[in-house]
Amino acid sequence: EEGEESRSVVQIDVALDGISVLFPIGGTGEKCVRLLGGLTMDQLRWMYSSYSDTELQNSGWDPESLPNSDFDPNTHKWSELDYRCADEEIQLSGDYWDDGSFTSFSKQLLKDYHTGEHIADKRKKPYVEVYGFDALRYLLEHEDSVSYVGYHYYFEHQDVFWAAPIAIDASASFVAPSLESISEGSYPLTRSIYVNIHNNHAALRDALPVIKFGYSNPSLILSSGYVPIVGDHMKEMLGRLDGGPYVLRVDMETED
């Protein structure tokens with residue numbers, strides 16, 4: 001066995017973010033989803049998944065989440081969520097393929113992500129890759145669209161956009177993204193924002209006061225729309241810094 005630390009990193013959470021499912025206020029999607037009170041994870045998965053309804057159902061999806069289905073695998077209309085919604089195809093948009101929010105959203109939403117399920121990219125209205133403020137601009141220009149962005153983008157534009165409350169399943173309560181729901185973990189699409197620090201004594205020593213400063217000044221995090229790390233989570237991260245550097249044990253195979 002041989003100790004190895006030079007090529008490894010220590011991951012430290014520095015803030016929390018909530019992936020927010022956004023609609024332009026007054027748009028087709030906002031009018032529809034407000035009627036429902038929000039979206040369940042199964043409804044959102046149906047909207048974004050590359051899977052057919054049969055594939056979804058075989059991987060744990062609840063077909064009752066789509067009460068007005070037209071049973072046409074080639075369509076994904078707002079009206080399939082509820083008969084009162086517009087008979088229009090849903091326009092999907094979101095982060096660039098394989099970028100941070102795209103990957104986080106996919107992993108949390110798509111139950112079969114690791115076995116091939118992915119964001120739908122072969123619809124009548126193709127998935128549009130837009131990020132950050134470009135995503136907000138796209139929503140305003142396409143009222144039939146839905147997108148997902150970090151809560152920090154929604155935070156300062158709540159007068160123009162509406163973020164759908166999300167429920168884990170049909171039996172659970174809808175939870176809207178907010179500083180409180182993200183902090184306590186009740187919002188289903190919460191993720192950690194982290195930094196990777198080289199796993200060596202000097203890097204960890206130099207990072208510790210910077211990380212402590214950030215934790216001790218939560219107003220700096222809040223002002224940006226991110227949610228501070230607090231309590232036991234903060235203690236765990238500081239302990240992770242204090243406990244390093246870490247030695248990885250690598251089994252070395254020898255040939256006879």
Side-chain angles (χ1 to χ4, degrees), residues 10-23 25 30 33-34 36-45 48 94-95 99-111 113 131-133 135-136 139 146-197 207-243:
V10 178
Q11 181 175 303
I12 301 296
D13 297 342
V14 294
L16 299 173
D17 191 18
I19 299 176
S20 303
V21 180
L22 287 197
F23 305 91
I25 292 177
E30 185 252 355
V33 177
R34 273 196 192 272
L36 308 178
L39 291 167
T40 65
M41 291 288 278
D42 275 343
Q43 288 171 327
L44 187 59
R45 184 184 178 196
Y48 270 94
D95 195 10
D99 275 5
S101 293
F102 178 95
T103 302
S104 294
F105 183 71
S106 298
K107 287 182 176 180
Q108 292 187 65
L109 181 66
L110 307 178
K111 292 183 179 179
Y113 172 79
Y131 176 73
F133 292 112
L136 302 184
L139 285 172
V146 57
S147 196
Y148 57 90
V149 300
Y151 179 77
H152 57 291
Y153 286 108
Y154 169 60
F155 181 70
E156 295 181 348
H157 300 88
Q158 299 181 46
D159 57 330
V160 182
F161 300 98
W162 181 67
I166 305 295
I168 290 292
D169 55 43
S171 65
S173 299
F174 289 115
V175 179
S178 68
L179 297 175
E180 293 74 23
S181 64
I182 295 168
S183 178
E184 67 188 18
S186 61
Y187 180 64
L189 294 172
T190 296
R191 63 170 181 158
S192 294
I193 304 299
Y194 61 87
V195 294
N196 287 326
I197 301 168
L208 185 58
V210 178
I211 299 296
K212 281 186 174 180
F213 176 81
Y215 288 160
S216 301
N217 292 273
S219 61
L220 297 176
I221 302 295
L222 287 167
S223 65
S224 66
Y226 289 107
V227 179
I229 300 291
V230 297
D232 290 341
H233 192 173
M234 178 181 68
K235 293 177 182 177
E236 178 188 352
M237 293 300 105
L238 291 174
R240 189 176 295 179
L241 279 171
D242 281 332

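In what follows, residues are counted from 1 in the order of the sequence shown.
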Measuring only between side-chain heavy atoms, which start at C-beta, is Val14 closer than 4.5 Å to Tyr226? no

Over all heavy atoms of both residues, which pair between Val146 and Val21 is shortest? Give the atoms and the distance, please. CG2-CG1, 3.6 Å

To the nearest 0.5 Å, what is the distance between CE (Met234) and CD1 (Ile211)? 12.0 Å

Atom pair CD1 (Ile12) and OG (Ser192), whose distance is rounded to the nearest 0.5 Å: 11.0 Å

For Gly150 and Ser20, work out which heavy atoms get closest and say how close. C-OG, 4.4 Å

Nearest non-hydrogen partners of Tyr151 and Asp17, listed with the distance: N-OD1, 2.9 Å

Can you confirm whether Leu222 sits close enough to Pro228 that some side-chain heavy atom of one is under 4.5 Å from a side-chain heavy atom of the other? yes

With a 4.5 Å heavy-atom cut-off, do Val33 and Gln43 have their side chains touching? no

Exam field: side chain Gln158 to backbone Phe155, donor-acceptor pair closer than 3.5 Å: yes

Nearest non-hydrogen partners of Ile166 and Leu44, listed with the distance: CD1-CD2, 4.3 Å

Given Phe161, Phe23, Phe105, the one that forms ring-ring contact (aromatic ring centres under 6.0 Å, His included) with Tyr148: Phe105

Is there side-chain contact between Met41 and Leu109, with heavy atoms separated by less than 4.5 Å? yes

For the CG atom of Leu179 and the CD1 atom of Ile221, what is their distance to the nearest 0.5 Å? 12.0 Å

Which atoms form the tightest heavy-atom contact between Ile19 and Ser104, and what is the distance? CD1-CB, 3.8 Å

Under a 4.5 Å cut-off applied to non-hydrogen side-chain atoms, are Leu208 and Leu238 in contact? yes

Evaluate the side-chain hydrogen bond (donor to acceptor under 3.5 Å, both in side chains) criterion for residues Asp42 and Thr40: first the C-alpha distance (whole Å), next the side-chain angles of each, then the deciding distance (0.1 Å), finally the verdict. CA-CA 5 Å; Asp42 275 343; Thr40 65; 5.5 Å; no

Could you check if a side-chain atom of Leu22 sits within less than 4.5 angstrom of a side-chain atom of Leu136, using non-hydrogen atoms only? yes

Where does the angle between the aromatic ring planes of Tyr153 and Tyr131 fall among parallel (under 30°), tilted (30 to 60°) and perpendicular (over 60°)? perpendicular

To the nearest 0.5 Å, what is the distance between CD (Glu180) and CD1 (Ile182)? 9.0 Å

Under 3.5 Å: donor-acceptor pair, side chain of Ser101, backbone of Val149: no

Taking all heavy atoms of Thr190 and all of Gln108, pick out the closest pair and write down the distance. O-OE1, 3.3 Å

Is there a side-chain contact between His233 and Asp13 in this structure, where contact means two heavy atoms from C-beta onward sitting under 4.5 Å apart? yes

Qualifying residue, where the test is side chain to side chain contact (heavy atoms under 4.5 Å, CB included) with Gln11 and the options are Ile197, Asn196, Val195: Asn196

Point-to-point distance, once rounded to the nearest 0.5 Å, from CD of Glu156 to OG of Ser223: 8.5 Å

On the 0 to 90° scale, with breaks at 30° and 60°, tag the Phe133-His157 ring pair as parallel, tilted or perpendicular. perpendicular

